[in-house]
Amino acid sequence: MNPTTYRTLDAAAIRALVAGLPAIASRLGGPPAQWRVREVSDGNLNNVFLVGGVKGEVCLKQALPHVRVDPTWKMPLDRTFFESEWLRAVQPLAPGLTTEFLHYDPELYVLIVESLSGHTVLRTALMQGARWPGVAPRIGTFVAHASFGTSLLARPFEDVFTARRLFSANLALTRITLDLVLDDPYRDHPRNHWHDPALTPIVLDIRSSAATLLAVENLRRRFLSQPQALLHGDLHTGSIMSTADDTRVIDGEFAVYGPIGFDCGMFVGNLVLHYFATPDSAARQATLHDIAAFWHSFHEEFLTLWTSHETPPPGTLRPLAYGPAARVARQRFMNEIMADTIGFAGVEIIRRIIGYAHTADFDIIADPRQRAACRAGALGFAYHVLEHLDEIRTMADFLRHLAEQGRAGLHEPR
Ligand code: SR1
Ligand code: MG
């Protein structure tokens with residue numbers, strides 16, 4: 001942090017900052033004194049404001065020197081730098097599927113992007129009962145294009161290594177993921193919490209299952225040692241804003257090179273949380289379709305990019321094998337992504353129920369016993385998945401197990 005220039009901005013300071021940025025000021029229109037500044041901070045980490053004038057609106061995000069929801073948890077400010085670099089890297093690869101980058105201020109750690117005030121956070125929309133079948137395939141398209149386009153399949157190794165070096169400095173947020181997603185839930189830690197005593201026997205089962213703990217250790221190793229592509233790094237349903245027919249991925253501050261199945265697994269895991277939070281069987285069926293549609297679109301678009309005849313930039317690795325051998329190699333890689341997707345979905349579900357950062361999905365269930373039963377269903381399913389990773393090899397397997405466990409209801413602790 002540069003203490004001489006960084007300060008946490010209030011409405012007046014935001015007006016003054018934006019007034020000094022001619023392109024953004026003219027996008028808003030009218031005199032700065034008449035701009036509306038509205039705080040809409042919602043996530044765990046940052047301050048977020050919408051700034052609106054007579055012509056338009058922008059969204060301004062500022063990092064705080066601590067976790068927003070816990071000022072005692074100190075945090076470096078550089079996360080908006082990594083988010084702006086992520087946005088600049090993926091926006092051209094997945095046009096129309098992110099927000100538009102407008103400005104980054106390296107001293108105030110402020111990022112300004114297009115406002116999406118007409119969109120709804122996907123988690124909120126799902127909780128309100130939205131049925132938007134186009135969203136999941138659009139996220140599949142996003143992950144396919146963003147991951148393929150930042151990988152060695154599409155770029156010379158010099159570009160990829162340069163990007164890896166940049167994003168490998170995103171240490172603070174990578175540490176959060178490692179601790180909160182891949183470590184804390186599997187042992188006693190003061191950051192863990194869960195409200196319902198009905199969950200405790202499942203937690204104890206998870207923590208005493210050697211197969212589960214080995215699976216999580218393997219996922220942890222893969223997260224840190226498989227830099228396949230630039231990840232979003234936190235692709236839950238709160239990092240997506242949507243209408244029925246326009247979907248944008250936001251909040252790329254956790255960006256880091258890692259296994260592509262990490263992003264897929266975060267998204268799938270959050271759809272599974274929604275599945276268990278909606279006991280209505282038609283809504284559950286729609287979620288099964290969403291998960292299948294996400295994977296289908298990701299898989300098809302990734303393979304199409306890989307096998308299309310477009311000439312990659314000079315220096316990109318050229319395939320050596322052709323025909324059936326190349327097909328087998330591609331299928332192996334897709335199977336690896338599939339296995340990672342299933343595993344990371346499992347750990348995401350677990351940490352959202354017993355770790356530090358829970359999600360709101362289950363809050364719509366008024367009856368505490370039913371809420372506990374739904375959470376137990378999700379937790380028991382994730383445990384089942386991690387214990388049986390060797391048997392759940394395809395998305396069809398995963399969906400079959402999900403439908404079976406969903407029908408079975410409350411997990412019975414052993
Ligand atoms: C202290 S940050 C907790 C969680 O919020 C973010 O959105 C990430 O999901 C992180 O794990
Ligand atoms: Mg976020």
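Atoms within a ligand are numbered from 1 in the order they appear, just like the ligands themselves.
Proximity to His236 (heavy-atom distance under 4.0 Å) selects the following atoms of ligand 1: 7 (O). Ligand-side atoms of ligand 1 in range of Ala357: 3 (C), 4 (C), range being under 4.0 angstrom from any heavy atom. Of all the atoms in ligand 1, the ones that sit under 4.0 Å from a non-hydrogen atom of Leu180 are 3 (C), 11 (O). The contact set between ligand 1 and Trp73, taken as ligand atoms under 4.0 Å from a residue heavy atom, comprises 1 (C). Within ligand 1, counting atoms from 1 as listed, the ones closer than 4.0 Å to a heavy atom of Phe254 are 6 (C), 8 (C), 10 (C).
In Arg400, the CZ atom is crowded: over 12 heavy atoms of neighbouring residues, nucleotides or ligands sit closer than 6.0 Å.
When heavy-atom distances to ligand 1 are checked against a 4.0 Å cut-off, Glu348 has no atom that comes that close, whether in backbone or side chain. Contact annotation for Val181 and ligand 1: no heavy atom of the residue comes within less than 4.0 Å of the ligand. With a heavy-atom cut-off of 4.0 Å, Arg352 touches ligand 1 through its side chain alone.
Between the side chains of Trp132 and Thr243, no donor N or O sits under 3.5 Å from an acceptor N or O.
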### Task
Apply the test side-chain hydrogen bond (donor to acceptor under 3.5 Å, both in side chains) to residues His145 and Glu301: give CA-CA distance (whole Å), side-chain angles for both, the deciding distance (0.1 Å), then the verdict.
CA-CA 8 Å; His145 285 257; Glu301 298 214 28; 3.0 Å; yes
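Using cut-offs of 30° and 60° for the angle between ring planes, the Phe302 and Trp306 rings count as perpendicular. Classified by interplanar angle (parallel below 30°, tilted 30° to 60°, perpendicular above 60°), the ring pair His195/His193 is perpendicular.
For atom 6 (C) of ligand 1, the candidate residues are Leu173, Asp234, Asn46, Asp42; the nearest heavy-atom contact is made by Asp234.
In this structure, Arg351 has a heavy atom closer than 4.0 Å to ligand 1.
A ring-centre distance under 6.0 Å is found for Phe398 and Phe381.
Comment: Asp183 engages Arg220 in a salt bridge, judged by a side-chain N to carboxylate O separation of less than 4.0 angstrom.
Figure legend: cation-pi geometry between Arg88 and Phe101, with NZ or CZ positioned under 6.0 Å from the six-membered ring centre and within 45° of its axis.
Of all protein heavy atoms, the one lying nearest to atom 4 (C) of ligand 1 is Asn44 ND2, 3.4 Å.
Between the Mg ion (ligand 2) and the N, O or S atoms of Asp251, the shortest distance is to OD2.
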